[in-house]
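These notes concern the structure reproduced below.
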Protein chains: 2
Amino acid sequence: MTGMLKAKPRGDRFVPPPKLPPPTPVVDLSPAEMRLAQDLLFFGYREFTSVADKVLEELGLGRAHHRALHFIGRNPGITVSDLLAILRITKQSLARVLNALIDQGYVAQAPGFEDRRLRLLTLTDAGQALEQRLFDAQRDKLVQAWCEAGPQAVEGFQTVMRALMDRGARAYIDGTGPAEDA
Amino acid sequence: MTGMLKAKPRGDRFVPPPKLPPPTPVVDLSPAEMRLAQDLLFFGYREFTSVADKVLEELGLGRAHHRALHFIGRNPGITVSDLLAILRITKQSLARVLNALIDQGYVAQAPGFEDRRLRLLTLTDAGQALEQRLFDAQRDKLVQAWCEAGPQAVEGFQTVMRALMDRGARAYIDGTGPAEDA
DNA sequence: GAAATAGGTCAGCAATATTGACTTACTTGG
DNA sequence: CCAAGTAAGTCAATATTGCTGACCTATTTC
């Protein structure tokens with residue numbers, strides 16, 4: 001507390017800046033901050049998914065169908081096992097939505113080339129169109145939020161969300177983005 | 001397209017800087033960026049909720065119970081109507097979880113002072129303890145992510161998530177944070 | 001006293017998830 | 001070639017969480 005007495009007159013030559021440099025160089029880990037994050041994740045995620053839900057409702061599909069369409073669309077030729085590993089649901093849960101999507105002509109199956117036990121999943125033209133429609137709804141929401149928040153905030157958002165994920169999800173994200181692997 | 005021919009030699013006097021100033025002052029609205037955001041929200045939200053789900057599972061409770069505990073804890077004395085407005089579920093859906101929480105001694109009801117039709121909801125001591133336990137699990141996750149991402153990213157995360165929410169949710173967030181209204 | 005409001009309740013339905021057991025088809029390794 | 005392992009499909013049963021619509025009680029308000 002000896003620093004409390006430093007503010008003695010030095011000849012009026014030096015005037016300190018009115019505000020400290022950048023906000024604060026340490027993370028605010030207060031309960032209030034954590035509570036806010038809880039709320040932000042709940043409300044933000046709800047809003048984000050709801051815009052796609054409206055489209056799905058017209059077609060009698062649910063959020064689970066959307067997820068399957070999304071990950072098949074992004075990973076054409078994915079196997080059932082790999083899709084299960086991404087979604088982390090049981091085979092039975094996936095079967096229900098997958099059969100519905102196949103019956104309604106949104107998803108196609110093809111046996112693997114080298115291993116014919118595999119069923120490689122792809123979107124049909126109708127499936128791509130539907131996935132695009134769902135994506136557009138969410139994209140509109142994101143575009144609005146992105147423009148409202150600014151590019152720096154978007155980068156921070158991505159950093160935090162990635163830090164929130166577990167290793168498996170990070171590995172998926174890293175492999176699926178720029179490389180467009182296969 | 002006349003600008004295409006501007007790059008003629010000017011005497012080797014002027015050397016342009018090797019890199020453009022800050023990253024980019026505009027938002028990247030490419031499909032790749034939007035796809036990434038979809039994945040980040042899905043995986044991040046799943047991970048965030050899963051840490052609380054583990055605790056809930058021990059007690060035979062679900063995510064719906066957690067949400068009710070959370071919003072009652074943050075808004076002591078909230079009415080059933082207001083809770084329904086926040087959660088945006090039906091009276092019947094709330095009644096199921098609310099009755100379970102009351103039966104198990106986590107939530108207490110009291111008639112309103114001026115309007116005795118109202119049932120003001122509060123957490124019992126056990127309810128506060130449980131909510132705290134659930135909060136701690138999610139807080140640990142957030143602390144890890146916060147520290148990994150840094151304070152600037154956290155601010156960006158908050159900005160984006162807020163921009164994603166609808167007006168009703170923003171109004172709730174604004175009223176529930178620093179003011180601790182009532 | 002009638003109408004509106006806050007809340008509770010009942011019956012039934014749908015979507016999504018779970019577990020466990022079993023079958024079929026195919027690949028692999030001794 | 002045959003046995004074991006793997007990928008996938010399926011069946012039956014169950015739980016959670018949401019929905020609708022109808023109806024009831026207590027209380028406030030006009």
Side-chain angles (χ1 to χ4, degrees), chain A residues 42 45-46 49-50 52-72 77-104 107-122, chain B residues 42 45-46 49-50 52-72 77-104 107-122:
Chain A
F42 172 65
Y45 189 76
R46 182 176 71 180
T49 52
S50 76
D53 287 346
K54 286 172 194 157
V55 178
L56 292 162
E57 198 178 6
E58 299 173 17
L59 304 169
L61 299 174
R63 217 173 271 182
H65 302 88
H66 185 190
R67 286 197 284 267
L69 283 173
H70 171 82
F71 286 109
I72 295 170
I78 190 175
T79 65
V80 173
S81 291
D82 287 348
L83 188 53
L84 283 173
I86 291 173
L87 294 171
R88 293 194 196 157
I89 57 178
T90 57
K91 196 164 42 160
Q92 182 67 299
S93 295
L94 178 58
R96 206 177 323 110
V97 296
L98 207 46
N99 286 333
L101 292 172
I102 292 169
D103 288 349
Q104 292 172 45
V107 168
Q109 286 174 313
F113 317 103
E114 309 199 327
D115 187 340
R116 281 183 301 175
R117 289 174 302 181
L118 306 178
R119 298 303 156 89
L120 309 183
L121 303 170
T122 52
Chain B
F42 173 66
Y45 189 77
R46 182 176 70 179
T49 52
S50 76
D53 287 346
K54 287 172 193 157
V55 177
L56 292 163
E57 199 178 6
E58 299 174 17
L59 304 170
L61 299 174
R63 219 174 270 183
H65 302 88
H66 185 191
R67 286 196 284 268
L69 284 173
H70 171 81
F71 286 109
I72 295 171
I78 190 174
T79 65
V80 173
S81 290
D82 288 347
L83 188 52
L84 284 173
I86 292 173
L87 294 172
R88 292 192 199 161
I89 57 177
T90 57
K91 197 164 43 162
Q92 182 67 299
S93 296
L94 178 58
R96 211 176 315 122
V97 296
L98 206 48
N99 285 332
L101 292 172
I102 292 169
D103 289 349
Q104 293 172 45
V107 169
Q109 288 173 313
F113 318 103
E114 310 199 327
D115 188 340
R116 281 182 302 175
R117 290 173 303 181
L118 306 178
R119 300 300 157 89
L120 308 184
L121 303 170
T122 52

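Letters A, B, ... are given to chains in the order of the sequence lines, protein chains preceding strands, and every chain is numbered from 1. Nothing here was measured: the structure is a model prediction, and the numbers come from that model.
Residue A/Glu114 is in sugar-phosphate contact alone, with no base atom involved, counting any heavy-atom pair closer than 4.0 Å across all strands shown. Residue A/Arg96 is in base contact, counting any heavy-atom pair closer than 4.0 Å across all strands shown.
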Going by atom type alone, with no hydrogens or angles, which donor-acceptor pairs under 3.5 Å involve a side-chain atom of residues 91-98 of chain A and a protein atom two or more places apart or on another chain?
from, atom 1, to, atom 2, distance (Å)
A/Ser93, OG, A/Thr90, OG1, 3.0

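Shown here are the side-chain hydrogen bond (donor to acceptor under 3.5 Å, both in side chains) partners of A/Arg88, two or more places apart in sequence or in another chain: A/Asp166. Not counting sequence neighbours, the partners of A/His70 by the side-chain hydrogen bond (donor to acceptor under 3.5 Å, both in side chains) test are B/Gln38, B/Asp39. Listed by chain and number, the residues in a side-chain hydrogen bond (donor to acceptor under 3.5 Å, both in side chains) with B/Asn99 amount to none (sequence neighbours excluded). A search for salt bridge (Lys or Arg N to Asp or Glu O under 4.0 Å) contacts involving A/Asp115 returns A/Arg117, not counting sequence neighbours. Every residue meeting the side-chain hydrogen bond (donor to acceptor under 3.5 Å, both in side chains) condition with B/Asp53, not counting sequence neighbours, appears here in chain and number order: B/Arg63. Remark: A/Glu57 engages no residue in a salt bridge (Lys or Arg N to Asp or Glu O under 4.0 Å) (not counting sequence neighbours).
Nucleotides of DNA chain D that come within less than 4.0 Å of any heavy atom of chain B span, from the 5' end to the 3' end, D/dT17 to D/dT28.
Whole-Å rounding puts the A/Arg67 CZ to C/dA15 P distance at 15 Å.
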Contact letters for nucleotides 2-8 of chain C, in which S counts primed atoms plus P, OP1 and OP2 and B counts the base, heavy atoms under 4.0 Å: --BBSBB
